[in-house]
Amino acid sequence: MRSWCNPSGHSDAQRITFFMQTFSLKDTPFQLDLTVSCGQAFRWRQYNGFWYAPVGDKIWKIRQERDLLLYDGPTEKELIRYFGLDIPLDDILTDIDRDPLIHAAIRRCLGLRIIRQDPWECLISYICATCANIPGIMMRIENLSERYGNKIEMDEMTFHTFPDAKRLAEEEMCSIRTCKVGYRDAYICGAAEMAASDANWAEKIAGMPYPEAHEKLMRLNGVGPKVADCVLLFGFEKYEAFPVDVWIERILRTKYLGGTRKLSYKRAGSFAREHFGQYAGYAQEYLFGVREEIGRKGE
DNA sequence: TTCCTACCTGA
DNA sequence: CAGGTAGGA
C-alpha cells in the first residue's frame, strides 16, 4: 500500500521523502540492517537512516521500523522475493539449530535472511571477492558499475547499475583492469563471455541439483569451490551450498571437530551438510554473522 | 591428496 | 598480509 508518512515526530530523513511504500512483517522475523550489511551483498549503503542500493535497473531505498518496512523502488512482490520474506525462516532455523554454538548464533542474528541476488552480478561479485575484505569487494563492484553501468540520480546522490554480461563482454581486458580488479580481470572477461554467449546459462544452473551446479560453475576460470558455493547460495537458492572461507574453516576446525590440521574444502562442506542438513547454507550465514566473537585467531 | 607459489591492489 | 584460485610439484 502507498501511505503518507506523518512528518511529525519523525527524522529529517523521513520528512524529506514524502511517499514510501510500507510492508508489514507481522510475525516474520527480519533484521534489515544485518541482512544488507553482513557481507552477502555488496551494494547497500546507508544514508540519512535509509539503505540504498541499485537492484536490477532501479534504486531501492528502505528502512525498517520494528515490524514495518518503509521502502521505495521495488514492487511489494519484488521486495518479498529479494529479501526472501516468503521463506519460512522459523522452520529453517529450527531445522539447523542442532548444537549450542549455532543456537547462540541464531539467537544473536535472528532475522538475518539470505538475499536472492541476481546470478550474474553475484557471480562477478564473488569473483571479485578473492583475497579481499568487504570494503575492497564493494570498491571493485562500484568501479565496474561506475564505468560500465547506467547512472541513476536519487535523493541528490548518484548511483550506477551493475553492467550486464553483454556490456562487459565488449570490453578488452586492459579496460577492465582500470577498475582495479587486478588479476581478476581475465576471470571477469571469461565469465562475461560465457554469460553473454548463452542467455540461458543461469536457468540451466538453476535447474541442476547442487553438486552438478557446483561442478559446472567451477569450470569457469577464477571460480573455485568457495566462489561457486557463494554464487549458488546467494544467486541460486541452493541452500546446501556451504561456503567455507578462512573464518568458517577455523570455526569448524576448532569448535566442531577439535582438529589442528587445516580442513580440506570438501571435508568441511560435507561435515557441514551432514551436521546442519539441507539448509546448511543458512547455518553458514549465521555462523559467519558471529565469526568475530567465536572464530578469532588463536582461539 | 596435500602443499607450494604467484597473482593485483590497498589497508 | 588478505573472506581465493590456478598451476605445478
Side-chain angles (χ1 to χ4, degrees), chain A residues 34-44 105 109 112 114-115 117 121-147 168 171-192 194 214-235 241-255 257 259-272 280-299:
Chain A
L34 188 55
T35 297
V36 298
S37 66
C38 70
Q40 57 175 321
F42 303 102
R43 307 222 58 199
W44 289 94
C109 301
L112 170 60
I114 291 179
I115 291 174
Q117 299 185 232
E121 179 171 347
C122 192
L123 173 63
I124 300 304
S125 298
Y126 282 96
I127 284 176
C128 287
T130 66
C131 258
N133 49 25
I134 292 170
I137 303 165
M138 293 176 85
M139 178 211 66
R140 295 190 181 100
I141 298 167
E142 204 56 47
N143 289 345
L144 287 168
S145 303
E146 260 179 46
R147 190 150 161 74
L168 281 194
E171 295 301 324
E172 301 292 334
M173 239 159 59
C174 56
S175 160
I176 299 267
R177 190 163 272 208
T178 64
C179 297
K180 311 217 189 259
V181 295
Y183 60 82
R184 305 160 191 85
D185 57 356
Y187 303 155
I188 295 171
C189 288
M194 178 284 294
H214 192 255
E215 215 171 290
K216 174 87 177 167
L217 276 178
M218 289 228 300
R219 301 220 187 109
L220 289 167
N221 236 304
V223 178
K226 196 279 186 172
V227 170
D229 272 332
C230 288
V231 175
L232 290 175
L233 184 59
F234 302 124
F242 188 88
V244 181
D245 59 26
V246 293
W247 290 96
I248 295 296
E249 189 277 333
R250 197 182 302 141
I251 291 169
L252 253 35
R253 173 165 39 80
T254 62
K255 308 287 181 184
L257 296 166
T260 53
R261 308 186 63 74
K262 189 173 181 339
L263 278 168
S264 77
Y265 196 92
K266 265 210 154 85
R267 228 178 115 46
S270 42
F271 166 77
Y282 257 97
Q284 190 270 6
E285 272 304 274
Y286 276 75
L287 289 175
F288 193 74
V290 295
R291 66 192 177 283
E292 308 207 331
E293 290 148 67
I294 65 173
R296 284 224 172 269
K297 264 188 193 166
E299 282 191 39

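Chain naming here is simple, since letters A, B, ... match the order of the sequence lines and numbering starts at 1 in each.
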P gap between B:dC8 and C:dG8, integer Å:
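Those two atoms are separated by 16 Å.
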In whole Å, what is the span from the [atom1] atom of [X] to the [atom2] atom of [N]?
X      : N     : atom1 : atom2 : answer
A:L123 : C:dG4 : CG    : P     : 16 Å
A:Y187 : C:dG4 : OH    : P     : 13 Å
A:Y126 : C:dT5 : OH    : P     : 13 Å
A:D245 : C:dT5 : CG    : P     : 10 Å
A:K180 : B:dC7 : NZ    : P     : 19 Å
A:N133 : C:dA2 : CG    : C1'   : 7 Å
A:I137 : C:dG4 : CD1   : P     : 9 Å
A:R250 : C:dA2 : CZ    : P     : 9 Å

If we ignore hydrogens and angles and just use 3.5 Å, is the side chain of [X] paired with the main-chain N or O of [Y] as donor and acceptor?
X      : Y      : value
A:R184 : A:T130 : yes
A:Q117 : A:F234 : no
A:R177 : A:D185 : no
A:Q40  : A:I115 : yes

For the side chain to side chain contact (heavy atoms under 4.5 Å, CB included) test, which of A:R43, A:E121, A:R140 pairs with A:S145?
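Of the listed residues A:R43, A:E121, A:R140, the side chain to side chain contact (heavy atoms under 4.5 Å, CB included) partner of A:S145 is A:R43.
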Out of the candidates A:I124, A:V181, A:I127, only one should pair with A:Y187 under the side chain to side chain contact (heavy atoms under 4.5 Å, CB included) rule; please name it.
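The single option meeting the side chain to side chain contact (heavy atoms under 4.5 Å, CB included) with A:Y187 is A:I127.
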Phosphate OP1/OP2 of B:dC8 contacted by A:R177 side-chain N/O (<4.0 Å)
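Answer is yes, contact under 4.0 Å.
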Where along residues 218-228 of chain A does a heavy atom fall under 4.0 Å from DNA chain C?
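Output list: A:L220, A:N221, A:G222, A:V223, A:G224, A:P225, A:K226, A:V227.
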In the strands shown, is B:dC8 matched to any nucleotide by a Watson-Crick or G-U wobble pair with both distances under 3.5 Å, and which?
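Looking at the geometry, B:dC8 pairs with no nucleotide.
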What does A:R261 touch in the nucleic acid at a heavy-atom separation under 4.0 angstrom: a base, only the sugar-phosphate, or nothing?
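Answer is sugar-phosphate: A:R261 comes under 4.0 Å of backbone atoms only.
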Looking across every strand, which nucleic acid part, if any, lies under 4.0 Å from A:F288 by heavy atom: base, sugar-phosphate, or nothing?
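The answer is base, as A:F288 lies within the cut-off (heavy atoms under 4.0 Å) of a base atom.
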Between the side-chain atoms of A:R184 and the base atoms of B:dC8, is any donor-acceptor pair under 3.5 Å?
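Yes.
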If each of A:K266 and A:C131 is mapped to the nucleotide of DNA chain B with the nearest heavy atom, which maps nearer the 5' terminus, i.e. the 5' end?
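Looking at the nearest nucleotide for each, A:K266 comes out on the 5' side.
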Has A:E146 got more than 12 heavy atoms of other residues, nucleotides or ligands less than 6.0 Å from its CD?
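More than 12 heavy atoms, drawn from other residues, nucleotides or ligands, come within 6.0 Å of this atom.
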